[in-house]
Amino acid sequence: MSSDAKAAAPPAEVPNAGQVAAAVRGFIADIGPTVALALSSCVHCGRCAEACQFYVQTGDPRYTPIHKVEPFRRAYEREVGPFAFAYRLLGLAPKITPDELARWQELIYDSCNMCGRCSLICPMGIDIAELVERARHGMFAAGLAAADFLGVLAEKEHATGSPFGLVRSQFEDMLHAVGRDHGVVMNVDKGTADIVPTVSSIDVKMYPASMAAIAKVLNHMGASWTFRTDGFDADNVSLTAGDRAGQRKITLGIVKAALACDANTVVMPECGHSFTEMRWEAANAFGEALPFRVLQITELIAEGLSVGRIRVNKVPHSATYHDACQLSRRGGATAAPRVILEALGVELHEMEDAGATNWCCGGGGGVALIKRAQPLMDKAFEIKQRQIEVTGVATIYTSCSGCRQTLEHGGKARNWNKTVASLLELVADNLKD
Ligand code: SF4
Ligand code: SF4
């Protein structure tokens, strides 16, 4: 194990007995038949280890994916599994101790991007990323979410809908300012609209041009569309923190905003986790099938290109494309960005393992938000660096602003002469008049 990785994991504060009990209650609350089957199906083949960037980069067996959910498995076997009595009697699933939970905080948060690469490779079909997400629920319920500020972000998000505490009037002012800066008409809070685009708080804070880019594309299409200030930030830090109630609130806020203007399409921004949340989980939160489509922005653009509603100029140059885990592997939006790059005349140099098996940038699953995880994240990033360098190109496009931020951060730390750019912004800058 590298000294860098060791430095990444100072012990978390040891929880008290009440927190341990709350965490176990939280774990149990998440165990239904599917989870129970997953928790009891592991055949200990070890294949998931080789799929995980944190294990591969450190060789530390603690970072074996299935090991990260060990307290969750123990809670199942000891408390609710069919042989719980025997497990307790024979000491096969010992009680979870405060020290163990303190150590596992790092495994459940800092060393998992929820990228699902391990889930893809598991021969037993165990969705380990999903188990980590569920284990985080128990940790959050017990006040054991990683690093205080991750909890603070989730709390702010719960209160305002935005992890940075951006309220409706501030968002509206920001949209109009961005519209003025970029010379684009911003539709805000229209009573009816076919398309409702959402934003990510990373875009709001770091990449406001991407909000102008969405507007440019929708205006170019001649679409009926509007931003809604009653449901705009799809980032959903609550999801990665493990705050189930907050996660649901953000998701339902967007659903209600779309319903309020009779939208038939909700467009997710360049943001990975928000897309899988809205595409796969929103209907559960809503309680029935959503009465509108959920498209990631690249899917909307690829569709627009195919029916002639979007026309772009050719801008021939060489580049590679970074597949965000939640967009490609977990979301299925793998072909759309390639359709777009082809339409733009970009010569695509694919990374090894591109598409569904691509490696995570290292920052997903909220890891980029955890300060103490930075050395570990940087270690994981080295895989991505190698993948990119093999392509020999100087430009990397991505459709996830979280990945964009992590790639920029990793590049800066290495004095890279690479440019990381948004695919959406490339399209918006090259629309045909
Ligand atoms: S989801 Fe990704 S980061 Fe988490 S354990 Fe699996 S491979 Fe590792
Ligand atoms: S790949 Fe699946 S079965 Fe094999 S150790 Fe990992 S979780 Fe268990």
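Keep in mind that what you see is a predicted model, and the values were worked out from it rather than measured. As the structure lists them, so they are numbered: ligands from 1, and atoms in each ligand from 1.
Relative ring orientation between Phe232 and Phe171 is described as parallel, the plane-to-plane angle staying below 30° on a 0-90° scale split at 30° and 60°.
Counting protein heavy atoms only, atom 6 (Fe) of ligand 2 is closest to Cys48 SG, 2.4 Å. Atom 8 (Fe) of ligand 2 has its closest protein heavy atom at Cys42 SG, 2.3 Å. The nearest protein atom to atom 4 (Fe) of ligand 2, hydrogens excluded, is given as Cys45 SG, 2.3 Å; this is a heavy-atom distance. At the top of the distance list for atom 3 (S) of ligand 2, counting protein heavy atoms only, stands Val43 N, 3.4 Å. What sits closest to atom 5 (S) of ligand 2 on the protein, heavy atoms only, is Gly46 N, 3.2 Å. With respect to atom 2 (Fe) of ligand 2, the closest heavy atom belonging to the protein is Cys122 SG, 2.4 Å.
Comment: Arg73 engages Glu70 in a salt bridge, judged by a side-chain N to carboxylate O separation of less than 4.0 angstrom.
Listed for the Gln374 side chain is a donor-acceptor partner under 3.5 Å among the backbone atoms of Ile370. Side-chain N or O atoms of Thr226 include none that pairs as donor or acceptor with a backbone N or O of Arg228 at under 3.5 Å. Remark: side-chain polar atoms of Gln19 are paired, donor with acceptor, to backbone N or O of Ala142 under 3.5 angstrom.
Here atom 7 (S) of ligand 2 lies nearest to Ile128 when heavy atoms of Val69, Ile121, Leu131, Ile128 are compared.
Only one option out of Arg74, Arg78, Glu100, Glu79 pairs with Lys95 in a side chain to side chain contact (heavy atoms under 4.5 Å, CB included); it is Arg78.
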